[in-house]
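Contents: one structure, followed by commentary.
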Amino acid sequence: MLKTHNCGELRAEHAGQQVTLAGWIHRWREHGGLIFWDLRDRWGITQVTINQDTTPDIHALAHEVRSEWVVQVTGTVIRRPVGMENTDLATGAIELEVTGLRVLNRAKTPPFYINKNNSVDEALRMRYRYLDLRRPAMQRNLVLRHNVIRFIRNYLSDRGFIEIETPILFKTTPEGARDYLVPSRLHPGKFYALPQSPQQLKQLLMVAGYERYFQIARCFRDEDQRGDRQPEFTQLDLEMSFVEREDVLDLIEGMFTRLVEEVSDRTLVTKPFPRLSYAEAMRRYGTDKPDLRYGLEFADLSDFVATAGFRVFSEAVAAGNPVRAICAPGCGTYSRKQLDELEALAKEAGAKGLAWMAIEESEAGPVRSPIAKFFSADQLAEIIARAGARPGDLLLFAADTEAVVCAVLDTLRREIAHRLGLDDPQKVAFCWVIDFPLFTWNEDEQRWDPSHHLFTAPMWEDVALLDSAPGKARGQQYDLACNGYEIAGGSIRIHDRAIQEKIFGLIGLDVEVAKERFGHMLEAFEFGTPPHGGIAPGIDRLVMLLAGQPNIREVIAFPKTQQAADLMAGAPSEAEPGQLAELHIRVVEAED
RNA sequence: GGGGGCGUAGUGUAGCGGUUAACAUGCCGGCCUGUCAAGCCGGAGAUCGCGGGUUCGAAUCCCGUCGCUCCCGCCA
């Protein structure tokens, strides 16, 4: 080893020892005859001193050294002089008095600061990702990611799970997300697909009798990017046999509770994890992934505003649509401009406008609002009571279709929480969302689509509904939400061929097509399949939240840009004609 | 596929019809023996993303284009 210690471990008790450190020059300060270096490696920073009086040759060499050069220094650990300790540094009680120096490598001046945590153009970060990753903040993120994955591996291994790898080259399934296809050299005109998740394979491992499987699995989906979506990402893929929903929820809840408390520095604010039915989540928060770091629940007014003189409300109710409100605490003094901003957001979410009331007692009544005149005193009192509004608060209303009301109020809720500083990244709030409808109606195709995926079992008591009212059947599906993100989704699976074929029928999957695509699954299910179920938490999103980061690029070593490109290596790139010929591929010009 | 934001010395920003294109930091040189965002002095460094247009005059206004980013659609 070129070092005896790392740059984060020397303390006062090491004083007097001869040690060798190696790392990068984080910062340098030259005071003529005395040079200070902050020497950095993955473990921390140690101050190094080079004295011209005692080591003139080393001083002369050190004078040439610049930021990010790689050096090896040998010397004596000394306690810093009284009053010169640096309490901001773990190693701040000591410094290394250098008696030997080797420049291991020089460095060009980096294109951006390694030693400052300021913002850098994203394209530049990606082009020089290896330098970006050298920054202490990124190293912290990746160390946390490692610790999270290590904790998960240990936790599950201790509970009888084994990790099994599944193929990256697999079979395309046109259901779900767009596949990444891989052309086959040996089979002209045929393609593998990269897995969107190891869903089928883990179920087959249950058929195979492994009972408890997990995998830190790379997944691929060729869809457009978001801050929380990359074309390739990592799931904790997990499946168990002979379990019911409660078994899976208990396992994951126990694991994530300990994970947050033992591996991260975040505060877990939901313990145990609240459970919401899908219907309840939509009614109270307008989303199936509510952020429970704060309340700001919706108030439903549909049942009594029909008689008010405000036609937007009465007509909505007459059409069978909901009227709901959200209370923004302390926002009653919002200016015209601020209200306009909220209205613009509401319109972006689908609203036609945004009605509001400021709770403000005056001679005219208890509220200040353009629509106050349409309501009786009793009605206003009822609205205020239901919304839990107090003087100084602002009420915002949505009256439209169920979907629009949910979307609008969800948008406003998150905006208000952000403006009020309620979305504290130091907090993590998990909640389970359960009792999802098994199907959602696809208006375009005039058929039922699976809400989760086609192997999700219906609630056993709802099986009869598959024939009578498929839209009412609930699935044994469960999602885990955290801070407004979907962090995991899973289900108890169908292990019965008859039910599986019924599902295929309902989603309009022709029997022959189903056999072609899923024949291996159907066949496997006939050889003694245990009841089984599982879940798949997204590792990137989880680590993002535990690291307090705003997007998953910050916790992925080499992420892609929003255009799904790697700016460092230059991927994707064109292939050699010879490669294409071998793969039986001809590139055609894109149509305009 | 659609909408919003950003693009100015190496980096981060200011300037938003007429400036010698400004500030900070970094970089280069010098001074400096207790700094830790060191300090002081001096210096170099920008075809204002790219292309076109409007104008007497464009970093600034308009159109197009490229890149990054946020969002909608999409993501079983």
Side-chain angles (χ1 to χ4, degrees), chain A residues 26-40 45-54 59 63-64 66-68 78 80-89 91-92 95 97 108-128 131 173-179 196-197 199-200 219-231 233 344-345 347-350 407 411 414 436 438-440 442 444 448-456 475 477 486 489-491 503 507 509 517-518 536 538 550-551 553 559-563 565 567:
Chain A
H26 192 62
R27 290 202 181 89
W28 54 279
R29 297 174 290 282
E30 192 167 344
H31 292 227
L34 187 63
I35 294 172
F36 296 98
W37 284 343
D38 291 340
L39 189 68
R40 182 193 74 234
I45 287 173
T46 299
Q47 176 162 284
V48 164
T49 63
I50 297 123
N51 194 313
Q52 190 169 33
D53 293 341
T54 54
H59 184 274
H63 176 70
E64 307 297 321
R66 292 294 182 267
S67 290
E68 298 306 315
I78 62 164
R80 293 204 195 180
V82 176
M84 302 300 165
E85 299 90 349
N86 183 346
T87 51
D88 294 335
L89 221 52
T91 60
E95 62 194 12
E97 209 169 52
K108 286 167 54 173
T109 301
F112 51 82
Y113 299 107
I114 311 297
N115 55 16
K116 283 188 183 174
N117 207 15
N118 65 342
S119 65
V120 181
D121 178 66
E122 199 69 17
L124 200 63
R125 293 180 65 192
M126 290 305 152
R127 184 169 163 216
Y128 295 98
L131 295 179
T173 50
E175 292 75 20
R178 196 176 292 116
D179 280 323
Q196 296 177 26
S197 82
Q199 182 62 40
Q200 296 182 29
C219 305
F220 306 85
R221 294 180 191 175
D222 188 5
E223 296 291 349
D224 288 342
Q225 309 303 295
R226 289 289 187 279
D228 63 345
R229 276 164 34 189
Q230 282 273 316
F233 60 100
L345 280 171
K347 283 183 170 172
E348 212 170 292
T411 299
R414 284 182 286 118
F436 282 79
L438 189 57
F439 301 107
T440 50
N442 184 327
D444 295 340
W448 295 103
D449 281 343
S451 301
H452 185 48
H453 62 63
L454 48 197
F455 303 112
T456 300
Q477 179 196 344
E486 182 189 326
S491 63
I503 300 286
I507 64 177
L509 197 56
R517 289 183 194 161
F518 303 108
N551 67 61
R553 289 190 306 277
K560 306 229 177 344
T561 67
Q562 192 152 52
Q563 297 303 310
L567 299 183

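Order of the sequence lines sets the chain letters (A, B, ...), proteins ahead of strands, with each chain counted from 1.
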Practice task
Measure distances between side-chain N and O atoms of Arg226(A) and base N and O atoms of G73(B), and say whether any donor-acceptor pair falls under 3.5 Å.
Solution key: yes
Exercise for the section: State whether the side chain of Asp179(A) and the backbone N or O of Thr173(A) hold a donor-acceptor pair below 3.5 Å, judged by distance alone. Expected result: yes
Exercise for the section: Grab the CG-P distance between Asp224(A) and C68(B) for me, whole Å please. Expected result: 13 Å
Problem - Atom-to-atom span, CD of Glu348(A) to P of C70(B) - whole angstrom - result: 15 Å
Exercise for the section: Could you tell me whether Asp38(A) and Arg29(A) make a salt bridge, using a distance below 4.0 angstrom between a side-chain N and a carboxylate O? Expected result: yes
Exercise for the section: Specify the separation, in whole Å, of atom CD of Gln47(A) and atom C1' of G34(B). Expected result: 8 Å
Exercise for the section: Using only heavy-atom distances, decide whether a donor-acceptor pair under 3.5 angstrom links the side-chain of Arg229(A) to the base of C75(B). Expected result: yes
Practice task
Check whether any side-chain heavy atom of Thr456(A) sits under 4.5 Å from a side-chain heavy atom of Phe436(A), and report yes or no.
Solution key: no
Handout entry: Exam field: side chain Arg178(A) to backbone Asp222(A), donor-acceptor pair closer than 3.5 Å
Key = yes
Exercise for the section: Using whole Å, report how far CG of Asp179(A) lies from C1' of C75(B). Expected result: 12 Å
Exercise for the section: Can you tell me, in whole Å, how much space there is between the C1' of C71(B) and that of G53(B)? Expected result: 32 Å
Practice task
Using whole Å, report how far NZ of Lys560(A) lies from P of C68(B).
Solution key: 13 Å
Practice task
Taking only the side-chain nitrogens and oxygens of Gln196(A), find out if one of them lies under 4.0 Å from OP1 or OP2 of C75(B).
Solution key: no
Problem - Whole-Å P distance, U11(B) and C74(B) - result: 39 Å
Check the interface with nucleotides 28-30 of chain B: list each N/O to N/O pair with the protein under 3.5 Å, or write none.
from	atom 1	to	atom 2	distance (Å)
C28(B)	OP1	Arg66(A)	NE	3.2
C28(B)	OP2	Arg66(A)	NE	3.3
G29(B)	OP2	Arg66(A)	NH2	3.0

Problem - Side-chain N or O of Arg29(A) closer than 4.0 Å to phosphate OP1/OP2 of U35(B) - result: no
Atom pairs, N/O to N/O, protein against nucleotides 10-13 of chain B, distance under 3.5 Å?
from	atom 1	to	atom 2	distance (Å)
G10(B)	O2'	Pro111(A)	O	3.0
G10(B)	N2	Tyr113(A)	OH	2.8
G12(B)	OP1	Asp121(A)	N	2.7

Practice task
Determine the contact category for Glu95(A): base if any of its heavy atoms lies under 4.0 Å from a base atom, sugar-phosphate if only primed atoms, P, OP1 or OP2 are that close, otherwise nothing.
Solution key: base
Practice task
Please give the nucleotide sitting opposite G12(B) as a Watson-Crick or G-U wobble pair, both distances under 3.5 Å, or none.
Solution key: C23(B)
Practice task
Send over the distance from Ile114(A) CD1 to C27(B) P, rounded to a whole Å.
Solution key: 12 Å
Practice task
Let me know, please, whether Asn551(A) or Leu34(A) comes out on the 5' side of the other along RNA chain B by nearest nucleotide.
Solution key: Leu34(A)
Practice task
Provide the distance between the two P atoms, one in U20(B) and one in G5(B), to the nearest whole Å.
Solution key: 32 Å
Practice task
State whether the side chain of His59(A) and the backbone N or O of Gly32(A) hold a donor-acceptor pair below 3.5 Å, judged by distance alone.
Solution key: yes
Practice task
Sort out the partner of G42(B) for me: Watson-Crick or G-U wobble, both distances under 3.5 Å, none otherwise.
Solution key: C28(B)
Exercise for the section: Identify whether a stacking contact exists between His31(A) and A38(B), where the ring centres must be under 5.5 Å apart and the planes under 30° apart. Expected result: yes
Practice task
Mind calculating the distance between CZ (Phe36(A)) and P (C32(B)) to the nearest angstrom?
Solution key: 16 Å
Handout entry: Main-chain N/O of Glu223(A) paired with Gln225(A) side-chain donor or acceptor, under 3.5 Å
Key = yes
Problem - Sidechain-backbone polar pair: Glu68(A) side chain, Thr109(A) backbone, donor-acceptor under 3.5 Å - result: no
Exercise for the section: Using a heavy-atom cut-off of under 4.0 Å over every strand shown, decide if Asp38(A) touches base, sugar-phosphate, or nothing. Expected result: sugar-phosphate
Problem - Any donor-acceptor N or O pair under 3.5 Å, side chains Gln200(A), Arg517(A) - result: no
Problem - Distance between P atoms of G3(B) and G12(B) (Å, rounded) - result: 28 Å
Exercise for the section: Looking at every strand, decide which applies to Ser67(A) at a 4.0 Å heavy-atom threshold: base, sugar-phosphate, or nothing. Expected result: sugar-phosphate
Problem - Earlier contact from the 5' end, RNA chain B, for Gln199(A) and Leu567(A) - result: Leu567(A)
Exercise for the section: Could you give the distance separating A9(B) and A59(B) at their P atoms, to the nearest angstrom? Expected result: 14 Å
Handout entry: G34(B) to G39(B) separation - P atoms, rounded to the nearest Å
Key = 15 Å
Handout entry: Same-atom distance (C1') from C62(B) to A21(B), integer angstrom
Key = 23 Å
Problem - side-chain N/O Arg553(A) vs C70(B) OP1/OP2, d < 4.0 Å - result: yes
Problem - Mutual orientation of the aromatic rings belonging to Trp448(A) and Phe439(A) [parallel < 30°, tilted 30-60°, perpendicular > 60°] - result: tilted
Handout entry: Heavy-atom neighbours of Arg80(A) CZ exceed 12 at 6.0 Å
Key = yes
Exercise for the section: Could you tell me which nucleotide pairs with C75(B) by Watson-Crick or G-U wobble geometry, both distances under 3.5 Å, or answer none if nothing does? Expected result: none
Practice task
Tell whether Glu30(A) reaches the base of U35(B) with its side chain through a donor-acceptor pair below 3.5 angstrom.
Solution key: no
Problem - Integer-rounded Å distance: C75(B) C1' and Asp449(A) CG - result: 13 Å
Exercise for the section: Please answer whether the main-chain N or O of Trp28(A) pairs with a side-chain N or O of Ser67(A) as donor and acceptor at a distance below 3.5 Å. Expected result: no
Problem - Sugar-phosphate only, base, or nothing, as touched by Asp88(A) at under 4.0 Å among non-hydrogen atoms - result: nothing
Practice task
Would you mind classifying the nucleic acid contact of Ser451(A) as base, sugar-phosphate or nothing, using non-hydrogen atoms under 4.0 angstrom?
Solution key: sugar-phosphate
Practice task
Would you please name every residue forming a salt bridge (Lys or Arg N to Asp or Glu O under 4.0 Å) with Glu486(A), sequence neighbours left out?
Solution key: none
Problem - G-U wobble or Watson-Crick pairing nucleotide for C61(B) (cut-off 3.5 Å, both distances) - result: G53(B)
Handout entry: C1' gap between A38(B) and G26(B), integer Å
Key = 15 Å
